[in-house]
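Reading through the structure tokens given below for one structure.
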There are 2 protein chains.
Amino acid sequence: MSVTIKDVARKAGVAPSTVSRVIHGNPKISEETQERVRQAMGVLGYHPNAAARSLARGRSYTLGLMIPNSEDDLFVKPFFIMAMRGLSIEAQRRGYNIMFSFSSGEEEEVSLLKRFVRTNVVDGVILMTSRRDDKCMAFLEEKNCPYVVIGRPESRFLHALWVDNDNVRAMYNLVAYFLKAGRRRIAFLGGPADFSVTRDRLRGYRDALKAHGVERDDSLVFLAPGFQERDGYALAGKILSGAMADAIAAADDFLALGMASYMEERGTILPIAGFNNTMKGSVIRPRLTSVDIQPELLGTRAAELLIGHLEGEDSLPPYSIVETILMERESTDPDFLSGNS
Amino acid sequence: MSVTIKDVARKAGVAPSTVSRVIHGNPKISEETQERVRQAMGVLGYHPNAAARSLARGRSYTLGLMIPNSEDDLFVKPFFIMAMRGLSIEAQRRGYNIMFSFSSGEEEEVSLLKRFVRTNVVDGVILMTSRRDDKCMAFLEEKNCPYVVIGRPESRFLHALWVDNDNVRAMYNLVAYFLKAGRRRIAFLGGPADFSVTRDRLRGYRDALKAHGVERDDSLVFLAPGFQERDGYALAGKILSGAMADAIAAADDFLALGMASYMEERGTILPIAGFNNTMKGSVIRPRLTSVDIQPELLGTRAAELLIGHLEGEDSLPPYSIVETILMERESTDPDFLSGNS
DNA sequence: CCCTCCAATGCAACCGGTTGCATTCATCAT
DNA sequence: ATGATGAATGCAACCGGTTGCATTGGAGGG
């Protein structure tokens, strides 16, 4: 087997407990002894056994990451992997490991989660999406197990930590950007209304109009049944014919891209912008202006929040808002759109 | 704390060792006692503590997954997340957990790997990419720690398990498909020659020509300095002007897409196909014929292989070849290309 | 010189399982 | 009746750390 704390103790001529104290920086150990123990550790190549440590401390220093089933194109979007990257890097920085788990449905997800928590494999849990009536959150609340959600959880989950963008403000800023450019009839193109993302962005849209003294006109608001390109494409005709819009604020790049390809077919030119700063939006012509929601930073903040909580850093707020970044590109550039570029 | 094996033992009126034996299905325990113990476990809601179990068994039942730094567009491609999905699902099926770790460079990757292995956090390791002169593999060999690589490792790594596609055969099949359609001057468009993927696919290309009695003409072979769309675009002019090709077999969808967009600009129409069955290739017009390498299945097989090895299932081969699937689409459909569709 | 006090370190129990070996008891052949 | 046999179960050590409490020894005060 490998080198144990007893081997180090023997080599340094001390008790195992002394070695343990040196490792943890206990100040009661004399400089001289510390040095001897460190020497011994170095020579023997000692590395503490994780399982033994977990058992003795009653903590695993491991977080569990639940990745939802792959509905739709969730995996095509780099959101998940970028968030995982942020999570992983921050967790490593603070000495935590992350265990992940894919599932093929909510039921399986819950049962995997139960295994993680009940067998004490994890100290805390990260949920990648916030669903309505979430069984995972219900279980975690019941078990009183610390967890963090990406997205805003229902208010009945009292102990939920969460990170999210301020979607109201993000859309407010986008609309304000159009208004500043002299647009007044800005259409809103969102996804299904039962997503909180949709509702929040719609509110930001309305707030911005109101704040700038533009009268509300609900004939400019369009909600698609999904977030796919075809959904944007399907609504495009209606938007162009009826609404007399002079700009399009879409709640998702794919919606915007569907709309844009329709416009291109008809030779219509209108400034348009989306959300999520997708790869496709950034390579297509005209390159699509988009609001970057910073998925990696969402992951970083989620790890910060959860670990902070586990380490007993109270006084931490239970949530964290990640700012969005407006990536200005050709699709909202007047010069480009008028061919003067 | 939670329910321990002692609680169960007390409730069932037996010794902890008996409970342990019941859990492991030891046949020496009488039916009657088994039943009583199961009852007790059920009533108390017992779940064995993972750390204690790891410590006692000297195994963590955990695999470590090293994800390389995000050079280029590695993350935009869904390859990683799909492979992770396959890994995770198979590992769960066999009672293993997976710990993952992102790094921002090879040096950091190695140091994270060392932590995993030395502290006995993991029983085995999965490497997502096979690099030349890989420090991770060198360390794992030295430590004699079981590991599996996605891609083919250098032959000096004697204990490497690996999974990969048969890239020779995959390209062979693609070229044979073109030959069957009557094409004779098929251009090969590959990435840099120092990638084994490139070399293997080139060999498959040549093998296919030879097997079908078509004379080799190296003026039809083009190697790009990268795998980006712009690399394909940059080579397109050269390919079209000099080579008199009547079909394009590209070693990557993005290379093919770059080439395709150049052709579209010039009004040239040639059948073309790529590799990796990317999202973009499947939505663009004409939809791109592509070889699907089945990333999820690569993950599944990697987990199978590594776990099989850990469980001492000898007689398992040290590698596994994942078959590829040719996704035929419009870009190689003669009817579509000639406008008869 | 003796007692007190504190700094430095050791002892041993404990975390929650696993497992080799001993023990018990019923069965069976002699 | 008696020892052998074997099935069922318990005992206790062990995995490798952590930590409350006891112990040791030297310095300082009376």
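Given the structure is predicted, the values throughout are model-derived calculations rather than measurements. Because only heavy atoms are used, hydrogens play no part in the values below, and waters and symmetry mates are left out as well, while side chains stay in. Reminder, nothing fancy here: chain letters follow the sequence lines and each chain counts from 1.
The separation between A/Arg36 atom CZ and C/dG10 atom C1' is 13 Å, rounded to whole Å. Summarising the geometry, the separation between NZ on B/Lys6 and C1' on D/dA12 is reported as 12 Å, rounded to the nearest angstrom. In this structure, A/Asn120 places its CG atom 14 Å from P of C/dC15, rounding to the nearest Å. A straight line from CD of B/Gln34 to C1' of D/dA7 spans 14 Å, rounded to a whole angstrom. One can place CG of B/Leu44 at 14 Å from P of C/dG16, the figure rounded to the nearest angstrom. Distance A/Glu35 CD to C/dA8 C1': 17 Å, rounded to the nearest Å. Put simply, NE2 on B/His47 is 11 Å from P on C/dG17, counting in whole angstrom units. Spacing between atom CG of B/Asp7 and atom C1' of C/dC15 amounts to 13 Å, rounded to whole angstrom units.
Qualifying side chain to side chain contact (heavy atoms under 4.5 Å, CB included) partners for B/Ser54, counting only residues two or more places apart in sequence or in other chains: A/Ala51, B/Ser60. With sequence neighbours excluded, the residues forming a side-chain hydrogen bond (donor to acceptor under 3.5 Å, both in side chains) with B/Arg152 are B/Asp200, listed by chain and number. A/Thr33 pairs by the side chain to side chain contact (heavy atoms under 4.5 Å, CB included) definition with A/Val14, A/Thr18, A/Ile29, A/Ser30, A/Arg36, A/Val37, not counting sequence neighbours. Scored by the salt bridge (charged side-chain N to carboxylate O under 4.0 Å, His left out) test, A/Glu106 finds no partners at all (sequence neighbours excluded). Remark: A/Glu313 pairs with A/Arg94 by the salt bridge (charged side-chain N to carboxylate O under 4.0 Å, His left out) rule, at least two apart or across chains. Partners of B/Ser104 under the side chain to side chain contact (heavy atoms under 4.5 Å, CB included) rule, at least two apart in sequence or in another chain, are B/Glu108.
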Could you write out each protein N or O paired with an N or O of nucleotides 23-25 of chain C at a distance under 3.5 Å?
none

Between N or O atoms, less than 3.5 Å apart, protein on one side and nucleotides 18-22 of chain C on the other: list the pairs.
from: C/dT18; atom 1: OP1; to: B/His24; atom 2: NE2; distance (Å): 3.1
from: C/dT18; atom 1: OP1; to: B/Arg53; atom 2: NE; distance (Å): 3.2
from: C/dT18; atom 1: OP2; to: B/Ser20; atom 2: OG; distance (Å): 2.7
from: C/dG20; atom 1: O6; to: B/Arg21; atom 2: NH2; distance (Å): 2.6

Extract all donor-acceptor atom pairs below 3.5 Å that involve side chains of residues 133-140 of chain B and protein atoms in other chains or at least two apart in sequence.
from: B/Asp133; atom 1: OD1; to: B/Arg156; atom 2: NH2; distance (Å): 3.2
from: B/Asp134; atom 1: OD1; to: B/Cys136; atom 2: N; distance (Å): 2.7
from: B/Asp134; atom 1: OD1; to: B/Met137; atom 2: N; distance (Å): 3.1
from: B/Asp134; atom 1: OD2; to: B/Arg131; atom 2: NE; distance (Å): 3.2
from: B/Asp134; atom 1: OD2; to: B/Arg131; atom 2: NH2; distance (Å): 3.3

Under 3.5 Å, which donor-acceptor pairs do the side chains of residues 298-312 of chain A form with other protein atoms, sequence neighbours left out?
from: A/Thr300; atom 1: OG1; to: A/Glu296; atom 2: O; distance (Å): 3.0
from: A/Arg301; atom 1: NH1; to: A/Ser320; atom 2: OG; distance (Å): 3.2
from: A/Arg301; atom 1: NH1; to: A/Ile321; atom 2: O; distance (Å): 3.1
from: A/Glu311; atom 1: OE2; to: A/Tyr96; atom 2: OH; distance (Å): 2.6

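For the helix from C/dC1-D/dG30 to C/dT30-D/dA1, the end axes, each set by the C1' atoms of five terminal pairs, are bent relative to each other by 70° (nearest 10°).
Sorted by first and then second residue, the pairs that involve residues 116-128 of chain B and meet salt bridge (Lys or Arg N to Asp or Glu O under 4.0 Å), not counting sequence neighbours, are B/Arg59-B/Asp123.
With a 6.0 Å radius and a threshold of 12 heavy atoms from other residues, nucleotides or ligands, B/Tyr319 has its OH atom at or below the threshold. More than 12 non-hydrogen atoms from other residues, nucleotides or ligands lie less than 6.0 angstrom from CD of A/Glu142.
Residue contacts for A/Ser54: at a heavy-atom cut-off of 4.0 Å it reaches no nucleic acid atom on any strand shown.
Positionally, the nearest nucleotide of DNA chain D for B/Asn26 lies more toward the 5' end than for the other of B/Asn26 and B/Leu55. Residue B/Lys28 is the one, among A/Thr4 and B/Lys28, whose nearest nucleotide of DNA chain D lies closer to the 5' end (criterion: closest heavy atom).
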